Amino acid sequence: PPSPSSLDESSKSSRPDAAMPKPPPSFNGSLKSSPSYFAPYMRSTEEEHRAQAQSGQSSRQAGATCAGGAVAAVPFAESRISAAHRRLAGSEEEFESLRGRLRELAAGAVCRVPELRKIAQEAEGLLGRLCLSEAALAEIGWPCAASGNALAAVKRLDVWERLIEHGQKHLVATDLAIGPAVEVLERLLVTWASLKAPTGLKGLDMGLDRRAGAAATLISALVDRLVTEGQDSGDREGL
């Protein structure tokens, strides 16, 4: 049988606290992490939080303040009329002058082609710099209808004059091509009809009588040459 001393040793080893090591002499009853071990990790985390906080604060300050320390307004979408006036800054005098002349044209003031071209060219340049929609232009008082009518009339005149030049080139060409010459004649007829259509500018004098006389002479000479060239070449189908 086991001796009493061996029984005492076995009973001591079976207790829950028997396997726990003895605390060091400096143990005061609470467990603490080693500062030297965790310090680098704690420092990097704190630095990241501090940097993020400073970045957010600086961005808020930049959005809330402007040069000189003045507090700026909260950025909202700019209204259409405010954007129009901002883009118009520096061109107010030109805007007023062109608006007045276009309104006079719309009211029936007498205007000849050279003056119309000048107004249309200045208006096109101003509108190109402003880059505003028609709705925004209307809000600041621009006569959109009169401006559009003036620009359209000038473009039709430009097309007419280019066709007259093409017709003259075909007339004096050494080798007259029947197809292209006939195409010029057809386009002259279509463009002439557009010139006679209402422009919306009652006082505009486009010099249609003078243009009709010059075009009639050119068309008659061109048709005569087409007939002669067709007969000489035997190109009955083209003729």
Side-chain angles (χ1 to χ4, degrees), residues 77-172 179-222:
E78 187 178 20
S79 65
R80 186 166 55 190
I81 191 169
S82 298
H85 282 294
R86 175 174 54 80
R87 294 186 181 185
L88 186 60
S91 302
E92 293 87 353
E93 185 176 353
E94 182 183 4
F95 181 88
E96 291 295 336
S97 175
L98 284 171
R99 179 170 64 176
R101 285 187 284 175
L102 286 169
R103 285 177 174 176
E104 291 175 358
L105 286 178
V110 177
C111 178
R112 298 187 182 276
V113 173
E115 183 182 357
L116 177 68
R117 287 188 183 279
K118 186 174 185 300
I119 294 174
Q121 183 178 4
E122 293 177 1
E124 191 172 16
L126 176 63
L127 296 180
R129 294 195 307 271
L130 293 179
C131 293
L132 294 173
S133 64
E134 185 174 346
L137 288 170
E139 286 189 1
I140 59 177
W142 180 257
C144 296
S147 175
N149 291 336
L151 293 173
V154 169
K155 288 180 179 179
R156 281 183 283 179
L157 285 170
D158 291 341
V159 172
W160 173 260
E161 292 180 356
R162 285 197 298 268
L163 288 174
I164 292 294
E165 292 178 0
H166 288 321
Q168 292 172 347
K169 290 179 180 178
H170 283 293
L171 185 61
V172 299
V182 171
E183 182 181 356
V184 170
L185 291 175
E186 292 175 346
R187 293 182 62 188
L188 278 171
L189 294 175
V190 173
T191 307
W192 177 252
S194 69
L195 285 180
K196 295 187 68 176
T199 61
L201 306 173
K202 298 179 181 179
L204 176 60
D205 181 10
M206 301 182 72
L208 294 182
D209 292 339
R210 175 179 56 81
R211 296 177 189 278
T217 302
L218 172 63
I219 291 173
S220 178
L222 188 56

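Numbers for residues simply follow the sequence, beginning at 1. It should be emphasised that the depicted structure is a prediction, and the values quoted were computed from it without experimental measurement. Because only heavy atoms are used, hydrogens play no part in the values below, and waters and symmetry mates are left out as well, while side chains stay in.
- E104 contributes no side-chain N or O that, together with a main-chain N or O of L102, makes up a donor-acceptor pair within less than 3.5 Å.
- Closest approach of E115 to V110, counting heavy atoms only: OE1-O, 4.3 Å.
- Looking at S91, its side chain never comes within 3.5 Å of a backbone N or O of E94 through a donor-acceptor pair.
- Of all heavy-atom pairs between L130 and L88, the closest is CD2-CA, 3.8 Å.
- Heavy atoms of other residues, nucleotides or ligands lying less than 6.0 angstrom from CD of E134 number 12 at most.
- Although no hydrogens or angles enter the test, the distance criterion places a donor-acceptor pair under 3.5 Å between the side chain of R87 and the main chain of C131.
- The existence of a salt bridge linking E165 and K169 is excluded, since no basic side-chain nitrogen approaches an acidic carboxylate oxygen closer than 4.0 Å.
- With values rounded to the nearest 0.5 angstrom, R99 atom CZ is found 11.0 Å from E92 atom CD.
- Checking side-chain atoms of S147 against main-chain N and O of C144 turns up no donor-acceptor pair under 3.5 Å.
- Note that CG of L163 and CD of E161 are 10.5 Å apart. Values are rounded to the nearest 0.5 Å.
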- Task: Check the pair R162, T191 against side chain to side chain contact (heavy atoms under 4.5 Å, CB included), reporting the backbone distance first and the verdict last.
- Result: CA-CA 11 Å; R162 285 197 298 268; T191 307; over 6 Å; no
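- Rounded to the nearest 0.5 Å, atoms CG (L98) and CD (Q121) are 11.0 Å apart.
- Between L127 and L132, the closest side-chain pair of non-hydrogen atoms is not below 4.5 Å.
- Residues L188 and I164 are in side-chain contact: their nearest non-hydrogen atoms beyond the backbone lie under 4.5 Å apart.
- Of all heavy-atom pairs spanning F95 and L126, the tightest one is CA-CD2, 3.9 Å.
- The side-chain contact (heavy atoms from CB on, under 4.5 Å) with L105 is formed by just one residue from the set T199, L204, I119; it is I119.
- Between E186 and V190 there is no side-chain heavy-atom pair separated by less than 4.5 Å.
- Annotation for A150 and A120: closest pair O-CB, 4.4 Å, computed over non-hydrogen atoms.
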- Task: Test V154 against E124 for side chain to side chain contact (heavy atoms under 4.5 Å, CB included), laying out the working first.
- Result: CA-CA 11 Å; V154 169; E124 191 172 16; over 6 Å; no
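- In terms of heavy atoms, G141 sits closest to R103 at O-NH2, 3.2 Å.
- Residues W192 and L195 have side chains in contact (heavy-atom distance under 4.5 Å, counting atoms from C-beta outward).
- Screening R210, R112, R211 for a salt bridge (charged side-chain N to carboxylate O under 4.0 Å, His left out) involving D205 leaves a single residue, R112.
- Side-chain contact between R101 and S97 is present, with heavy atoms from C-beta onward closer than 4.5 Å.
- Across all their heavy atoms, R156 and P198 have their closest contact at NH2-O, 4.2 Å.
- The closest side-chain heavy-atom distance from C111 to L201 is not below 4.5 Å.
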